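Read the structure below first, then the notes.
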Amino acid sequence: MLLKDKVFAITGGAAGIGRAAALEAARQGADVAITDIVPEESVQPILDAIRAEGRRALYLQGDVSAHETATRFITAITEELGGLDIFVSNAGICPFHAFLDLPPETLIKTVGVNLLGAYFMVQAAANQMVSQGRGGAIIAVSSISALVGGAYQTHYTPTKAGIHSLMQSSAVALGKFGIRCNSVLPGTIRTAINEEDLSDKTKEEAMISRIPLGRLGAPEDLAGPIVFLGSSMASYVTGASLLVDGGCFVNLQ
Ligand SMILES: NC(=O)C1=CN([C@@H]2O[C@H](COP(=O)(O)OP(=O)(O)OC[C@H]3O[C@@H](n4cnc5c(N)ncnc54)[C@H](OP(=O)(O)O)[C@@H]3O)[C@@H](O)[C@H]2O)C=CC1
Ligand SMILES: C[C@H](O)[C@@H]1OC(=O)[C@H](O)[C@@H]1O
């Protein structure tokens with residue numbers, strides 16, 4: 001087990017990539033704390049699955065774009081699970097929209113959830129880890145979109161580049177405390193976030209045709225890389241970013 005008796009916390013853990021990572025962390029021996037915007041009833045099956053692995057599970061409903069959520073989440077984790085070892089900033093939104101008429105509210109919301117939310121959460125997690133004095137690991141879910149553009153993602157891709165940069169600067173700031181900070185850069189993973197976008201079958205086919213491994217990703221494809229970066233197997237890895245995209249990024253021709 002890669003995370004035996006560690007405390008693993010994740011934002012946006014009610015669905016998609018976050019849910020897959022939370023369940024894998026429990027299988028790897030960690031107690032798991034989840035925050036998400038959805039009510040607790042809808043997360044109950046995930047909490048039950050974590051407990052079925054013999055691990056403790058905690059859920060806090062909250063909006064990551066409100067900085068108080070970070071304080072509430074870290075306080076609940078320390079009170080109920082006794083500390084924090086691995087923190088994953090994952091919650092995010094991607095409301096696809098053209099550039100020229102993008103409403104300011106959509107830009108403000110996307111930056112608020114994806115970038116400010118990640119900052120508040122990572123800062124709160126780091127403070128907790130520093131106060132514990134036993135190091136830790138922070139992983140942020142950025143994107144291949146930190147490196148390449150999308151015509152309907154002009155408000156989204158800068159947030160993913162920002163998260164990538166946040167992990168680099170946090171790695172520098174927190175190395176002296178033994179806290180490692182890394183990002184994963186998923187390619188296109190089938191989840192609720194892109195269900196509508198991928199209903200355009202011509203677009204879906206074009207995206208698949210660019211991927212050397214010949215398929216879009218599944219949420220579970222991110223679980224292993226996230227657990228690895230949180231584990232002692234990655235004890236000399238910090239400030240790194242790991243593309244998890246089936247080879248999409250490197251495929252120019
Ligand atoms: N799927 C993909 O192709 C890729 C995804 N990513 C990133 O992965 C991360 C996870 O996305 P994915 O699993 O695909 O998406 P999902 O929509 O499946 O999961 C995201 C979860 O975050 C929750 N959430 C949304 N807004 C907030 C908020 N303000 N506060 C707390 N929780 C919130 C969602 O709730 P609700 O359902 O109510 O919105 C949902 O439960 C995101 O950061 C995304 O940008 C990166 C690259 C590719
Ligand atoms: C939601 C999109 O399908 C997905 O989000 C990303 O970050 C990827 O680049 C994909 O565009």
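Everything quoted here is computed from the prediction, not taken from an experiment. Only heavy atoms go into these numbers, but all of them, side chains included; no hydrogens, no water, no symmetry mates. Just follow the structure's listing: the first ligand is 1, and inside any ligand the first atom is 1.
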* Is there a path from L3 to I50 through hydrophobic residues (I, L, V, M, F, W, Y) whose side chains come within less than 4.5 Å of each other? -> yes

* Asked: Is ligand 1 under 4.0 Å from a heavy atom in the side chain of N90, in the backbone, in both, or in neither?
  -> both

* Asked: Out of curiosity, is G62 lining ligand 1, as in a heavy atom under 4.0 Å away?
  -> yes

* Identity and separation of the nearest protein heavy atom to atom 10 (C) of ligand 2 -> T188 OG1, 3.6 Å

* Would you say K160 has any N or O atom under 3.5 Å from an N or O of ligand 2, going by distance alone? -> no

* **R215 vs R190 side-chain heavy atoms within contact, under 4.5 Å** => no

* Nearest protein heavy-atom contact for atom 11 (O) of ligand 1: which residue, which atom, what distance? -> I193 CD1, 4.1 Å

* To do: Measure the distances from the heavy atoms of K160 to every atom of ligand 1 and state whether one is below 4.0 angstrom.
  => yes

* Asked: What atoms in ligand 2 come closer than 4.0 Å to a heavy atom of Y156?
  -> 5 (O), 6 (C), 7 (O)

* Can you tell which part of L185 has a heavy atom less than 4.0 Å from ligand 1: side chain, backbone, both or neither? -> neither

* Report yes or no: do F228 and L222 belong to one cluster of Ile/Leu/Val/Met/Phe/Trp/Tyr joined by side chain heavy-atom distances under 4.5 Å? => yes

* Asked: Hey, which atoms in ligand 2 end up nearer than 4.0 Å to a heavy atom of S143?
  -> 6 (C), 7 (O), 8 (C), 9 (O)

* Asked: Under 3.5 Å between some N or O of ligand 1 and some N or O of D36?
  -> yes

* Evaluate the side-chain proximity of Q168 to H164: yes if any heavy-atom separation is below 4.5 Å, no if none is. => yes

* **Top protein contact for atom 9 (O) of ligand 2, by heavy-atom distance** => S145 OG, 2.4 Å

* Asked: Are any of the side-chain heavy atoms of L60 and R72 separated by less than 4.5 Å?
  -> yes

* Which residue, I10, V122, L229, N90, forms the side-chain contact (heavy atoms from CB on, under 4.5 Å) with I139? -> L229

* Considering the heavy atoms of I144, write down every atom of ligand 2 situated less than 4.0 Å from one of them. => 9 (O)

* Would L174 and I77 show up in the same hydrophobic cluster when neighbours are defined by side-chain heavy atoms closer than 4.5 Å? -> yes

* **Under-4.0 Å heavy-atom contact with ligand 1, by part of I93 that carries it** => side chain

* Structure fact -> The atoms of ligand 1 lying under 4.0 Å from a heavy atom of T188, numbered in the order shown, are 3 (O)

* Heavy-atom nearest neighbour in the protein, as seen from atom 30 (N) of ligand 1, with distance rounded to 0.1 Å -> V64 N, 3.0 Å

* To do: With heavy atoms under 4.0 Å as the rule, classify the contact between N114 and ligand 1 as side chain, backbone, both or neither.
  => neither

* To do: Determine whether more than 12 heavy atoms belonging to other residues, nucleotides or ligands lie under 6.0 Å from atom NE2 of H97.
  => yes

* Within a strict 4.5 Å, meaning less than it, do heavy atoms of the I138 and C181 side chains meet? -> yes

* So which protein heavy atom does atom 32 (N) of ligand 1 come closest to, and at what separation? -> I37 N, 3.4 Å

* **Residue, atom name and distance, where the atom is the protein heavy atom closest to atom 29 (N) of ligand 1** => D63 OD1, 2.8 Å

* Side chain to side chain, M167 and S142, heavy atoms closer than 4.5 Å -> no

* When clusters are formed by joining ILVMFWY residues with side-chain heavy atoms under 4.5 Å apart, either directly or through shared neighbours, do F8 and M121 land in the same one? -> no

* To do: Using atom types as modelled and distance alone, determine if a side-chain donor or acceptor of N127 lies under 3.5 Å from a backbone N or O of A124.
  => no

* Asked: Would C248 and I144 satisfy side-chain contact (heavy atoms from CB on, under 4.5 Å), going step by step from the backbone distance to the final call?
  -> CA-CA 9 Å; C248 183; I144 187 176; 4.1 Å; yes

* Among all protein heavy atoms, pick the one closest to atom 4 (C) of ligand 2 and tell me residue, atom and distance. => Q153 NE2, 4.1 Å

* Asked: Considering only heavy atoms, does C94 approach ligand 1 within less than 4.0 Å through its side chain, its backbone, both, or neither?
  -> neither

* **Nearest-contact summary for atom 3 (O) of ligand 1 - protein heavy atom, Å** => I189 N, 2.8 Å

* Asked: Within a distance of under 4.0 Å, is there any protein heavy atom near atom 39 (O) of ligand 1?
  -> no

* Got more than 12 heavy atoms from elsewhere within 6.0 Å of CZ, F120? -> yes

* Run the numbers for me: atoms of ligand 2, each under 4.0 Å from some heavy atom of I193, listed by number. => 1 (C)

* **Proximal atoms of ligand 1 relative to G12 (non-hydrogen, under 4.0 Å)** => 21 (C), 22 (O)

* To do: Starting from atom 13 (O) of ligand 1, find the nearest protein heavy-atom neighbour and note its residue, name and distance.
  => I17 N, 2.8 Å

* To do: Determine whether E105 and I108 make a side-chain contact, defined as any pair of heavy atoms from C-beta on separated by less than 4.5 Å.
  => no

* Look at the side-chain heavy atoms of Ile, Leu, Val, Met, Phe, Trp and Tyr, link any pair under 4.5 Å apart, and say whether V64 and L84 land in one connected group. => yes

* **Min heavy-atom dist G187 to ligand 1 below 4.0 Å** => yes

* **atom 16 (P) of ligand 1: nearest protein contact (heavy atom, Å)** => T191 OG1, 4.2 Å

* To do: Using distance alone, determine whether V113 and ligand 1 share an N or O pair under 3.5 Å.
  => no

* To do: Please name the pair of heavy atoms, one in A22 and one in V32, separated by the smallest distance, quoted to 0.1 Å.
  => O-CG2, 3.7 Å

* Looking only at N/O atoms, are Y156 and ligand 1 under 3.5 Å apart anywhere? -> yes

* More than 12 heavy atoms of other residues, nucleotides or ligands under 6.0 Å from NZ of K176: is that the case? -> no

* Identify which of A218, S142, A192, S145 has a heavy atom lying nearest to atom 46 (C) of ligand 1. => S142

* Asked: Where is the nearest protein heavy atom to atom 8 (O) of ligand 1: which residue, which atom, and how far?
  -> V141 CG1, 3.3 Å

* Asked: When you measure from atom 20 (C) of ligand 1 to each heavy atom in G92, G18, P219, G16, which option holds the nearest one?
  -> G92

* Asked: Any idea which atoms of ligand 1 are less than 4.0 Å away from a heavy-atom of N194?
  -> 1 (N), 2 (C), 3 (O)

* Check step by step if salt bridge (Lys or Arg N to Asp or Glu O under 4.0 Å) holds for R51 and D31. => CA-CA 9 Å; R51 291 177 184 132; D31 294 328; over 6 Å; no

* Side-chain heavy-atom pair L242, N182 within 4.5 angstrom cut-off -> no

* Has V38 got any heavy atom lying under 4.0 angstrom from an atom of ligand 1? -> yes

* Identify the protein heavy atom lying closest to atom 2 (C) of ligand 2, giving its residue, its atom name and the separation to 0.1 Å. => F96 CZ, 3.6 Å

